Undergrad: 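Here's a structure for you.
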Amino acid sequence: MLAVNRRTLMMGAAAVTAYATVRSDYVFAQAMEGPFKQVPLPYASDKNEPHIDKMTMEIHHGRHHVAFINNLNNAAKDNADLFKKPIHELLANLSSAPENLRGVLRNSGGGHANHTMFWQVMGGAGGAPTGAIAAAINDGFGDFGKLQETFNARGTAVFGSGWAFVVSDKAGKLSLVTTPNQDNPLMNGQMPIFGNDVWEHAYYLKYQNRRADYMKSWWNVVNWDVINQRYADAKAGKFTV
Ligand code: MN
């Protein structure tokens with residue numbers, strides 16, 4: 001019993017040390033040099049507290065997302081011409097990429113695009129949608145409450161790792177999709193206006209296995225101003241990621 005207690009204490013100490021390390025060395029944009037860059041978080045890493053904790057944000061932005069960028073930049077060393085293209089063009093034309101590069105484009109390219117979107121659409125105050133997206137949500141889903149209910153249910157039902165997205169077509173018609181792994185809707189000709197990461201790394205520290213609670217809470221941090229801008233870009237043919 002004593003041994004178990006001591007071990008538990010030691011594990012606790014290790015966790016605290018790990019957290020201290022993350023806090024002290026957390027610097028934005030630590031990705032390796034190359035054509036793909038990470039945009040710094042547009043807000044402090046504790047901005048989404050208490051719904052998404054600071055430590056999760058820092059590990060997620062500073063390690064998980066950076067790993068995708070590093071994979072892309074490594075692949076770009078030997079394929080400079082192809083990787084000069086912006087990520088949204090690469091994802092939209094995945095099937096025309098050389099077969100040996102489709103894996104890194106799908107997984108790390110999709111991961112880079114998904115997370116670039118994800119940081120942008122958070123940091124807000126949640127609440128009811130505003131502007132053009134509010135009307136489009138009513139048109140597409142009935143009302144905001146119905147969208148939330150369906151979005152949360154679909155995201156919770158993703159088996160393993162993936163994403164839930166509200167996507168737009170070129171005419172501005174919204175629909176709801178989920179994708180496995182790091183697949184991005186641009187691979188299917190759809191523009192992800194906003195979406196939620198349902199990989200365990202996005203919520204496990206605070207919510208453990210309670211993905212449904214995380215998804216419900218996430219709506220409190222969405223930024224409707226940014227989402228409206230993304231929706232306007234989609235309709236104007238200016239959408240990137
Ligand atoms: Mn993630």
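Just follow the structure's listing: the first ligand is 1, and inside any ligand the first atom is 1. Bear in mind the structure is a predicted one, so any value in this text is a computation, not a measurement. Just the heavy atoms: all of them, side chains too, but no hydrogens, waters or symmetry mates, feed the values below.
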Undergrad: Is the gap between the ring centers of His115 and His64 under 6.0 Å?
TA: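 That pair fails the under 6.0 Å test.
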Undergrad: Looking only at N, O or S atoms in His201, which is nearest to the Mn ion (ligand 1)?
TA: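 So the atom name we want here is NE2.
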Undergrad: Look at His65 and state whether any of its N, O or S atoms is less than 2.8 Å from the Mn ion (ligand 1).
TA: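 Short answer: no, not a single N, O or S atom is under the cut-off.
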Undergrad: Hey, which N, O or S atom on His60 ends up closest to the Mn ion (ligand 1)?
TA: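 Result: NE2.
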Undergrad: With respect to Phe194, which candidate in Trp119, Tyr231, Trp224 satisfies the ring-ring contact (aromatic ring centres under 6.0 Å, His included) definition?
TA: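 For Phe194, the ring-ring contact (aromatic ring centres under 6.0 Å, His included) check succeeds only for Trp224.
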Undergrad: Counting distance only, does the side-chain N/O of Asn70 pair as donor-acceptor with the main-chain N or O of Met32 below 3.5 Å?
TA: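 Side chain of Asn70 to backbone of Met32, a donor-acceptor pair under 3.5 Å: yes, one is there.
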Undergrad: Got a sec: is His64 within less than 2.8 Å of the Mn ion (ligand 1) via an N/O/S atom?
TA: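 Not a single backbone or side-chain N, O or S atom of His64 is under 2.8 Å from the Mn ion (ligand 1).
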Undergrad: Treating Trp199 as the side-chain partner and Asn181 as the backbone partner, does any N or O pair qualify as donor plus acceptor under 3.5 Å?
TA: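 Here the side-chain-to-backbone pair exists.
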Undergrad: With no hydrogens and no angle check, is any side-chain donor or acceptor of Arg106 less than 3.5 Å from a backbone partner on Asp183?
TA: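 Not confirmed, Arg106 side chain does not pair with Asp183 backbone.
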Undergrad: Measuring from the Mn ion (ligand 1), name the closest N, O or S atom belonging to Asp197.
TA: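 Nearest N/O/S atom of Asp197: OD2.
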